[in-house]
Amino acid sequence: MSKRILAAALILSASFVPAFAAKTSLVIGMPIEPPGLDPTIAAPVAIREVTWANLYEGLMRIDRDGKVQPLLAKSWDIAPDGLTYTFHLQTGVKFHDGSAFDSADVKFAFDRARAPTSTNAQKQIFAPIDSIETPDPATVVIKLKETSGNFLYYLGWGDAVIVAPETAENNKASPVGTGPFKFKSWTRGDRVELVRNPDYWQKDKTKLETVTFRFINDPQAQVAALKAGDVDAFPNLGAPELFSELKKDSRFTAVAGNTEGEIVAGMNNAKKPFDDVRVRRALMHAVDRKALVEGAYSGYGQPIGSFFSPNHPAFVDMTGVIPYDTEKAKALLKEAGYGNGLSITIKAPQMAYASRSAELLAAMFAEVGVDMKIIPTEFPAKWIEEVFKNKDYDVTIVAHTEPLDIDIFARDNYYFNYKNDKFKALIAEAGKTTDEKARFAKYAEAQKILAEDVPALFLFQLPKLGVWNAKLKGLWENSPVPANDVTEVSWTD
Amino acid sequence: MLRLVISRLVSLIVTLVAVSLAIFLILEVLPGDPAAIMLGTAAREDTLAALRHELGLDQPALVRYLAWVGGLLHGDLGQSITYKMPVSTLVGERMAVTLPLSLLAILISTALALPLGVAAAARRDGPVDRAVLVFSQLGVAVPNFWIGLLFILFFATWLGWFPAGGFPGWSAGIWPAFRALLLPAVALALPQAAVLTRVTRSATLEVIGADFVRTARAKGVDRGATLRRHVVPNALIPVTTILGLQLSFFFGGAILVENVFNLPGLGRLAYQALNQRDLVVIKDIVLIFSGLVIVINFLVDIGYAILDPRLRSRA
């Protein structure tokens, strides 16, 4: 009898063993649900934050330090003229539906992205491409019309992942890629579930069996979900004022890293008085960026002096070019003919960082005799319509979250209405320069022009306030590209 | 009775058509181009044009209205702009949350309000009555999203008895799904229960004071039996009116509670769709919500006629 009990106990305890092994499931919280799961046909960052590197892979990838690494292309040769790229592909790679990955898929994916009917949000990635040839299944030859210094870097973005012709059309609802995780289900409005891809070409790369992305918009609810244990990680917490409290909590790791989001107060450069560089400089002098970060983001953002991410290796700190100096601000305003004061308006979206920044800016401007009225402007609908499309505004404020987007100041008809031919030429040259050192020098020069010309008030880099279970490791601290790359995430224990 | 039903049905259909036209016209003047919103600050002329064409936004308004109504008559709600899937599927998924949530809330609300209201009225100014009045005063004053936040704080983050929000789906099993719905349902129900309690109490009091009740008591019918047989059935008429109004509130009012608890219901879908200017989804949902209110009003009217035979002849 006792033997039987012992046996039963053994069987029971054996069945409990997996419970003591390290956890292999992960629940990640995100503020916004992606509209569809195909990063190659739409812009929203949330799509990349679920799919990039987890479900889909590109020829290249961007690593956690913002550097370009090989992925589906194991190596490549660039012709001396910089116009022909020959990619040698990984072999034995399979899509999640079991079909093999080869050069034809690369050609299909890129031709689809650059077609006239394509809604790829970063079509300029593919603009330099002249032709794509596939001499054999493991080789792709891409000929460019002009040299492109960032070509490999761009191929690491979510917009350039490789999709298969048989499945591409359905990727928005049931994504099929070559990544370490497969799509399992999407409970719209609540969660997306991924499971480990047993046939992944990089064997044993990942330790997780399941990854669930949960969408929780309200910052209070985000913290509640973390504390209740419903969510293991919030890589982008929406509540800076609750962050320091979580930092003190030993159950969590809380890291303030950098995103690609520069918060700028764009000015309508075509409109009086912002067509006068003295006025723009005066306003920049009036801004105490440190106090702004303190007030708008609980002190967690990094002040910037130009439009470039501290995550990028070509970043130069320009905060000293036009420092906080109310006397200089007043003098410049007087010089520009506004010694008796100036009245302007700011269209401020409802996001906490934007409306708080607008209030602080108004207070700072009041110190130098500038009266700024705040006009709340719903984002995205009203803001996109009034500010972005119709350019009907004086000053506005928003975070620009694309990586390496300094070129927006070189675009015709962009909402800043900024025109500087020298800057435009410089950005075009930088884009074509294949030598990294020379390219970075051009980006440095471009940063300097913006810092001095102040087409927008450069405020601060949006931080990535990451909070996760203290037993988790491998999550990214910064986000050089929008991503929740979980390929290297695991539980300690 | 049949005449009443038919006349009410006709006005129901006329209202629905008027509502569909109003919704379409209002959305036409709403600022915000869905294609521009989807592409955000990355928008370029060529991608914008391609997307507008793909979404059919480059068609004239009349064509789009007729296409919408034509689709509706065939039971086709169209494609969601942001989710790129049939709205009917989307609404179906969301109904699986909002419907049980609302029904649960109605159940909780009436289960609390009817006995409390009758009990309070039965012993007017007694301790039970005073306690009920205090409770209902509180319930009316406190908004349901705030009750929701308190619940999350107390039951989810402190005690850990319930999830702090979200919905695992019915496929996860009846109990986990029910557990996720319970707190939001109570948060949704409490303010309504408070209102319903007051209405029940005053309706009951009014009937208690009526002559026929005095007559019944004078004939020697005991207190409990008078309540059951004479007071409660008559008091139910005004209560039904409020309950009808509340039914539509439960569907619409779920927006706030669904957002607080992160429940993927119809209310949250409406909120998201509005933010993203998913015009197709907004149009359909507003029509569904309006349709529900109209149908509920119709049912309340019929309910009256059943409860009060005098109304049947007056149609």
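What's counted below: heavy atoms across the whole structure, side chains too, no hydrogens, waters or symmetry copies. A note on names: the letters A, B, ... follow the listed sequences, proteins ahead of strands, and every chain is numbered from 1.
The shortest heavy-atom contact between A:F388 and B:A43 is CE2-CB, 4.1 Å. Among all heavy-atom pairs drawn from B:N262 and A:N217, the shortest one is ND2-N, 4.0 Å.
For A:A224, the parts sitting under 4.5 Å from any heavy atom of chain B are the backbone and the side chain alike. Neither the backbone nor the side chain of A:I32 comes within contact range of chain B; no heavy atom of the residue lies under 4.5 Å from a heavy atom of that chain. With a threshold of 4.5 angstrom between heavy atoms, A:E386 does not approach chain B through any atom at all. For a residue to count as touching a neighbouring chain, one of its non-hydrogen atoms must lie under 4.5 Å from one of that chain's; by this rule A:N120 touches chain B with the backbone only. When heavy atoms are compared at a cutoff of 4.5 Å, A:I384 approaches chain B solely by way of its side chain, counted from C-beta outward. Interface remark: B:V260 contributes backbone atoms only to the contact with chain A (heavy atom separation under 4.5 Å). Of the atoms belonging to A:F215, it is backbone heavy atoms, and not side-chain ones, that fall under 4.5 Å from chain B. Contact annotation for B:L269: neither backbone nor side-chain heavy atoms come within less than 4.5 Å of a heavy atom of chain A. With a 4.5 angstrom heavy-atom cutoff, B:D278 does not touch chain A via any of its atoms.
Surrounding OH of A:Y414 are more than 12 heavy atoms belonging to other residues, nucleotides or ligands, all under 6.0 Å away. Within a 6.0 Å radius of CD in B:E28, other residues, nucleotides and ligands contribute more than 12 heavy atoms. Annotation: B:W146, atom CH2; neighbour count of heavy atoms from other residues, nucleotides and ligands within 6.0 Å does not exceed 12.
Taking B:G265, B:A36, B:G169 one by one and counting their heavy-atom pairs under 4.5 Å with chain A, the maximum is reached by B:A36.
Judged by distance alone, with hydrogens and angles left aside, the side-chain atoms of A:D230 form no donor-acceptor pair with the main-chain N or O of B:P163 at under 3.5 Å.
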For this session: Verify side-chain contact (heavy atoms from CB on, under 4.5 Å) between A:I41 and B:K84, making sure each step is shown before the conclusion.
Result: CA-CA 12 Å; A:I41 57 166; B:K84 303 243 167 75; 4.2 Å; yes
For this session: Kindly indicate, with the supporting measurements, whether the criterion side-chain contact (heavy atoms from CB on, under 4.5 Å) is fulfilled by B:R94 and A:R188.
Result: CA-CA 8 Å; B:R94 301 305 180 101; A:R188 281 172 184 78; 4.0 Å; yes
Problem set entry | Verdict with reasoning, A:T187 to B:E93, per side-chain contact (heavy atoms from CB on, under 4.5 Å) | CA-CA 8 Å; A:T187 309; B:E93 283 174 13; over 6 Å; no
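With values rounded to the nearest 0.5 angstrom, A:F379 atom CZ is found 9.5 Å from B:I37 atom CD1. Taking CD1 from A:I216 and CZ from B:F261, the interatomic distance works out to 12.5 Å, rounded to the nearest 0.5 Å. In this structure, CD on A:E378 lies 7.0 Å from CG on B:L274, to the nearest 0.5 angstrom. Going from atom CG of A:D218 over to atom CG of B:N259 covers 8.5 Å, rounded to the nearest 0.5 Å. In this structure, CZ on A:R191 lies 9.5 Å from CZ on B:F167, to the nearest 0.5 angstrom.
Proximity to chain A among residues 44-61 of chain B is limited to B:R44, B:D46, B:T47, B:A50, B:L51, B:E54, judged by heavy-atom separations below 4.5 angstrom. Contact annotation for residues 153-162 of chain B against chain A (heavy-atom separation below 4.5 Å, listed by residue number): B:A156, B:T157.
In this structure, B:D33 pairs ionically with A:K389, as a charged nitrogen and a carboxylate oxygen lie closer than 4.0 Å.
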